[in-house]
Amino acid sequence: MNTSVVRFFGASALLVLGLSACGGPAAPAGAGASPETSAASVTPSPTPTEAAFTMLTSEELAEIAGAVKDSGSVPLSVLPADKVSQALDQMMSLMTEVQVEPAECNSIATGTAIKPDSNTTMAVGASTSSTAELTQTLSLVSGVAKEQLDQTLARRSSEIEDCSSISMNIQGMSMTAETTRLDSGAGTEGAIAMQTDVTLPTGGTQSTVMAFAVKGGVLISAQATGTGVMESDLAAAEAMLDQAAALID
């Protein structure tokens with residue numbers, strides 16, 4: 001595995017954060033309710049959170065991603081759908097060869113990449129600096145049921161502390177990763193932020209700051225990855241997250 005794949009691993013494991021339990025959209029409000037329950041609902045109740053979860057097409061997600069600008073005020077380049085699919089396939093193949101210690105931290109190390117099913121849509125926008133030392137990425141995923149998103153976010157939130165220090169072995173190459181929770185300054189409600197520093201076999205460090213949140217049923221993940229990435233780069237990543245969230249009704 002060459003170093004370019006190692007660099008891609010650092011970004012991709014986080015990119016596919018929300019794909020660990022991909023399924024169909026949440027059931028319509030009231031689905032499965034008993035007749036007695038429905039009849040008793042005389043007083044209107046607040047609209048359930050699930051009602052805000054709307055299924056967006058890949059084209060709609062791509063339009064949102066393309067409207068978001070990076071830290072240099074340049075619109076993100078939206079990756080073609082086939083390229084995203086190829087990247088996920090590569091990640092899934094790679095993840096079968098990853099050994100993680102402690103073993104219970106496999107999820108945060110690999111992203112538990114599972115290719116989206118027919119009910120799931122996604123789009124990815126990216127921007128790379130001229131020196132290729134910084135890559136800014138935005139991923140949008142729609143079509144995952146609310147309870148699955150809630151479980152994924154809750155699990156990842158706890159893993160930040162529980163798996164703050166892990167070791168990985170990939171095709172005979174050893175790496176270590178240190179993850180810390182960052183204070184989120186995003187305007188999007190419920191945003192979680194983290195930083196992961198991966199020590200590569202060469203001795204160099206690949207760092208990623210990332211923020212993720214859910215808006216209108218869309219999982220938004222924004223990150224900055226590179227050899228010189230620091231906590232201060234989180235602001236730019238969260239700016240992308242907030243831009244995307246503002247475009248989701």
Side-chain angles (χ1 to χ4, degrees), residues 4 7-19 52-91 111 116 120-144 149 182 184-196 206-249:
S4 64
R7 287 175 56 84
F8 184 67
F9 168 77
S12 297
L14 299 175
L15 170 67
V16 294
L17 163 70
L19 305 182
F53 272 52
T54 57
M55 179 69 180
L56 297 182
T57 65
S58 296
E59 290 75 16
E60 290 171 324
L61 294 176
E63 184 176 355
I64 292 172
V68 172
K69 296 181 179 180
D70 65 11
S71 58
S73 297
V74 177
L76 298 179
S77 298
V78 180
L79 278 64
D82 62 332
K83 296 297 184 182
V84 174
S85 180
Q86 291 173 14
L88 290 174
D89 287 342
Q90 183 183 19
M91 272 300 299
T120 309
T121 59
M122 74 177 299
V124 177
S127 171
T128 302
S129 66
S130 58
T131 60
E133 293 183 353
L134 172 65
T135 299
Q136 298 175 75
T137 308
L138 175 76
S139 66
L140 306 171
V141 180
S142 180
V144 182
L149 282 176
L182 301 179
S184 174
T188 305
E189 184 178 357
I192 298 173
M194 58 188 276
Q195 176 172 339
T196 298
Q206 175 94 356
S207 298
T208 297
V209 291
M210 177 183 182
F212 47 93
V214 173
K215 171 71 180 295
V218 178
L219 174 64
I220 311 170
S221 304
Q223 65 185 46
T225 301
T227 55
V229 167
M230 300 181 292
E231 182 177 344
S232 57
D233 291 301
L234 176 64
E238 292 194 319
M240 295 192 301
L241 185 149
D242 286 339
Q243 290 177 64
L247 296 172
I248 299 172
D249 296 328

May I ask you to check whether Glu238 and Ser184 show a side-chain donor-acceptor distance below 3.5 Å?
-> yes
Chi angles and distances behind the side chain to side chain contact (heavy atoms under 4.5 Å, CB included) call for Val141, Leu61 = CA-CA 8 Å; Val141 180; Leu61 294 176; over 6 Å; no
What side-chain donor-acceptor pairs closer than 3.5 Å can you find for residues 72-79, not counting sequence neighbours?
none

Please report the closest heavy-atom contact between Ala67 and Leu247, naming both atoms and the distance.
-> CB-CD1, 3.7 Å
Between atom NZ of Lys215 and atom CG of Asp242, what is the distance when rounded to the nearest 0.5 Å?
-> 9.5 Å
Kindly indicate whether the side chain of Leu134, heavy atoms from C-beta on, has any atom under 4.5 Å from the side chain of Thr225.
-> no
Using side chain to side chain contact (heavy atoms under 4.5 Å, CB included) as the criterion, list what pairs up with Ala213, not counting sequence neighbours.
-> Thr188, Ala191, Leu241
Please name all residues satisfying side chain to side chain contact (heavy atoms under 4.5 Å, CB included) with Glu231, sequence neighbours left out, ordered by chain then number.
-> Leu182, Gln195
Heavy-atom side-chain contact between Val218 and Leu56 under 4.5 Å | yes
For the residue pair Gln206 and Thr227, establish whether any side-chain heavy-atom pair is separated by less than 4.5 Å.
-> yes
With sequence neighbours left out, the residues meeting side chain to side chain contact (heavy atoms under 4.5 Å, CB included) with Ser58 are Thr121
Kindly indicate whether the side chain of Gln223, heavy atoms from C-beta on, has any atom under 4.5 Å from the side chain of Gln136.
-> no
In sequence, state the C-alpha distance, the side-chain angles, and the governing distance for Ile248 and Ile64, and then conclude on side chain to side chain contact (heavy atoms under 4.5 Å, CB included).
-> CA-CA 8 Å; Ile248 299 172; Ile64 292 172; 3.9 Å; yes
To the nearest 0.5 Å, tell me how far Thr137 OG1 sits from Asp70 CG.
-> 10.5 Å
State which residues pass side-chain hydrogen bond (donor to acceptor under 3.5 Å, both in side chains) with Asp233; sequence neighbours excluded, sorted by chain then number.
-> none
List the atom of Val124, the atom of Ser139, and the distance in Å for their closest heavy-atom pair.
-> CG2-CB, 4.2 Å
Heavy-atom pair of closest approach, residues Gly143 and Thr120 = O-OG1, 4.3 Å
Residues passing the side-chain hydrogen bond (donor to acceptor under 3.5 Å, both in side chains) test with Gln243, sequence neighbours excluded, are none
Side chains of Leu149 and Leu219 in contact at under 4.5 Å (non-hydrogen atoms) = yes
With side chains defined as the heavy atoms from C-beta onward, is the minimum distance between Ser221 and Met210 less than 4.5 Å?
-> yes
Any Ile220 side-chain heavy atom under 4.5 Å of Val214 side chain = no
Of all the heavy-atom pairs spanning Ser71 and Ala236, show the shortest one and how long it is.
-> CB-CB, 3.7 Å
Check against side chain to side chain contact (heavy atoms under 4.5 Å, CB included), Met122 and Ser142 | CA-CA 6 Å; Met122 74 177 299; Ser142 180; over 6 Å; no
